[in-house]
2 protein chains.
Amino acid sequence: MSDLISAKRGRPGYDQRAILDIAVAAFNEYGYDATSMGALAARLDLSKAAIYHHFASKEELLELALDEALTALEGVLAEEGALAGAAIDRLAYVLRGAVQVLAAKLPSVTLLLRVRGNSQVERDALTRRRAFDHMVSALVLEARAEGSLRSDVDARVVTRLLFGMVNSIAEWYRPEGLEDAAQLADDVLTVALDGLRPRS
Amino acid sequence: MSDLISAKRGRPGYDQRAILDIAVAAFNEYGYDATSMGALAARLDLSKAAIYHHFASKEELLELALDEALTALEGVLAEEGALAGAAIDRLAYVLRGAVQVLAAKLPSVTLLLRVRGNSQVERDALTRRRAFDHMVSALVLEARAEGSLRSDVDARVVTRLLFGMVNSIAEWYRPEGLEDAAQLADDVLTVALDGLRPRS
DNA sequence: GTCTATAATTAGATAGAC
DNA sequence: GTCTATCTAATTATAGAC
């Protein structure tokens with residue numbers, strides 16, 4: 001959107017949000033560790049010191065972005081569609097929601113999916129992410145128990161292949177329209193549930 | 001396997017292969033950029049200088065690992081099963097082969113899948129990886145043209161979801177047996193082709 | 001094949017002026 | 001809100017001894 005406050009006012013200078021957006025974009029392009037504050041400053045056409053006026057540390061940039069992604073994902077699990085109904089419907093709802101969060105918060109979710117656990121901030125994010133994964137995992141087990149999912153494939157493998165499909169979207173999806181993400185979510189569910197063989 | 005030459009001979013010291021294996025494991029655990037030569041040396045219980053006796057640079061470690069992964073993947077495309085027969089069978093053969101390469105060369109393929117293109121070595125690896133991806137992409141188009149794959153989902157999306165499933169295996173698969181990878185490849189093809197709904 | 005010591009550079013972060 | 005200048009620590013890599 002607007003990178004500079006000056007876009008809406010005559011004043012020069014960035015605000016926190018604008019810097020964070022550009023930082024996350026850089027982190028995703030080069031990797032968090034490979035993105036130096038110097039390189040980030042150059043990208044902002046700003047001095048390093050100016051960034052430290054807005055953020056206490058490089059890691060704070062990471063922390064804010066990861067929290068944004070996690071809060072959005074966790075929000076899906078709290079919605080009604082994730083809490084009531086047949087397990088297969090709740091599972092479908094959560095997968096659809098995850099795809100839409102991925103599309104809506106693509107930069108921060110992409111960053112989240114690449115976290116390795118090198119610091120406390122990263123480990124805390126991984127813990128929250130795993131909690132989300134476990135909830136989906138439980139839904140897969142429930143849906144299988146109610147007979148809505150095939151049981152001739154290991155449930156853990158099923159869960160992980162589902163996450164593989166959904167999470168990989170971060171690697172190639174580029175937002176183009178509003179309806180786009182919903183279509184993509186439909187495609188994921190179609191492939192996951194019905195497979196790629198032609199309709200008989 | 002054997003980390004130290006001393007395992008089979010009285011001499012102390014590492015050989016190139018042993019160092020490379022441990023280096024790639026560290027790169028995968030912390031990320032390439034986040035793994036310093038100092039940390040690697042500590043992990044090897046060796047001085048940094050000793051590593052430089054075996055390798056010219058940190059990047060050479062990366063280059064050798066990426067080449068190993070790419071050579072193995074490219075090998076699948078050169079096998080007979082990938083060259084002759086119905087497109088759907090060639091596609092299945094390549095996907096199965098990719099899963100098995102992933103399992104057999106898990107560390108180097110994992111590293112490959114995380115490359116961002118920050119150096120010439122990384123960009124060259126990405127170029128080779130994209131060539132592989134394009135071959136698989138062409139197989140998807142062929143299989144769809146012959147009527148073996150559904151055509152109500154965008155072909156690019158199909159290809160990417162397939163890669164998403166296969167590549168995500170690097171994030172969680174841990175080798176346990178020889179038959180394990182073949183079973184996993186079967187599961188991937190089952191889910192991808194027939195979907196998760198129960199058999200009717 | 002490995003070591004200690006060190007060079008040269010870059011990293012994240014701060015001080016203080018404007 | 002941004003700057004220049006700077007600090008300290010860490011980084012990749014090399015020199016030369018054993």
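Lettering of chains follows the sequences in order, A, B, ..., and the numbering in each one begins at 1.
Between A:Asn118 atom CG and C:dG12 atom P the separation is 14 Å, expressed in whole Å. Put simply, CE on B:Met37 is 13 Å from P on C:dT2, counting in whole angstrom units. The interatomic distance linking A:Asp33 (CG) with C:dT10 (P) rounds to 18 Å, in whole Å. Taking atom CG of B:Leu61 as the reference point, atom C1' of D:dT12 lies 12 Å away to the nearest angstrom. We find that NZ of B:Lys48 is positioned 14 Å from C1' of D:dA15, with the value rounded to whole Å. For the pair A:Tyr52 OH and C:dA13 P, the computed distance is 4 Å after rounding to whole Å. The distance from atom OH of A:Tyr14 to atom P of D:dT2 is 8 Å, rounded to the nearest whole Å. In this structure, A:Phe55 places its CZ atom 18 Å from C1' of C:dT14, rounding to the nearest Å.
Residue B:Asp45 places its CG atom among 12 or fewer non-hydrogen atoms of other residues, nucleotides or ligands, all under 6.0 Å distant. Within a 6.0 Å radius of CZ in B:Arg156, other residues, nucleotides and ligands contribute 12 heavy atoms or fewer. Counting non-hydrogen atoms of neighbouring residues, nucleotides and ligands closer than 6.0 angstrom, the NZ atom of A:Lys105 reaches no more than 12 such neighbours. Within a 6.0 Å sphere centred on CD of A:Glu80, heavy atoms belonging to other residues, nucleotides or ligands number 12 at most.
Nearest to the side chain of B:Ser57, among C:dT4, D:dC3, D:dA13, sits D:dA13. Taking only side-chain atoms of B:Ala49, from C-beta outward, the nucleotide of C:dC3, C:dA15, D:dT2 with the closest atom is C:dC3. Checked against D:dC3, D:dG1, C:dC3, the side chain of A:Ala50 finds its nearest nucleotide in D:dC3. The side chain of A:Lys58 lies closest to C:dG12, out of C:dG12, C:dC3, C:dA15.
The side chain of B:Ser36 contributes an N or O atom lying less than 4.0 Å from OP1 or OP2 of D:dT11. Within the structure, every side-chain polar atom (N or O) of A:His53 is placed at least 4.0 Å from both OP1 and OP2 of D:dT2.
Judged purely by distance below 3.5 Å, without hydrogens or angles, the side chains of B:Glu59 and B:Ser57 never pair a donor atom with an acceptor atom.
Nearest-nucleotide mapping onto DNA chain C: of A:Ala34 and A:Ala56, the residue sitting toward the 5' end is A:Ala34.
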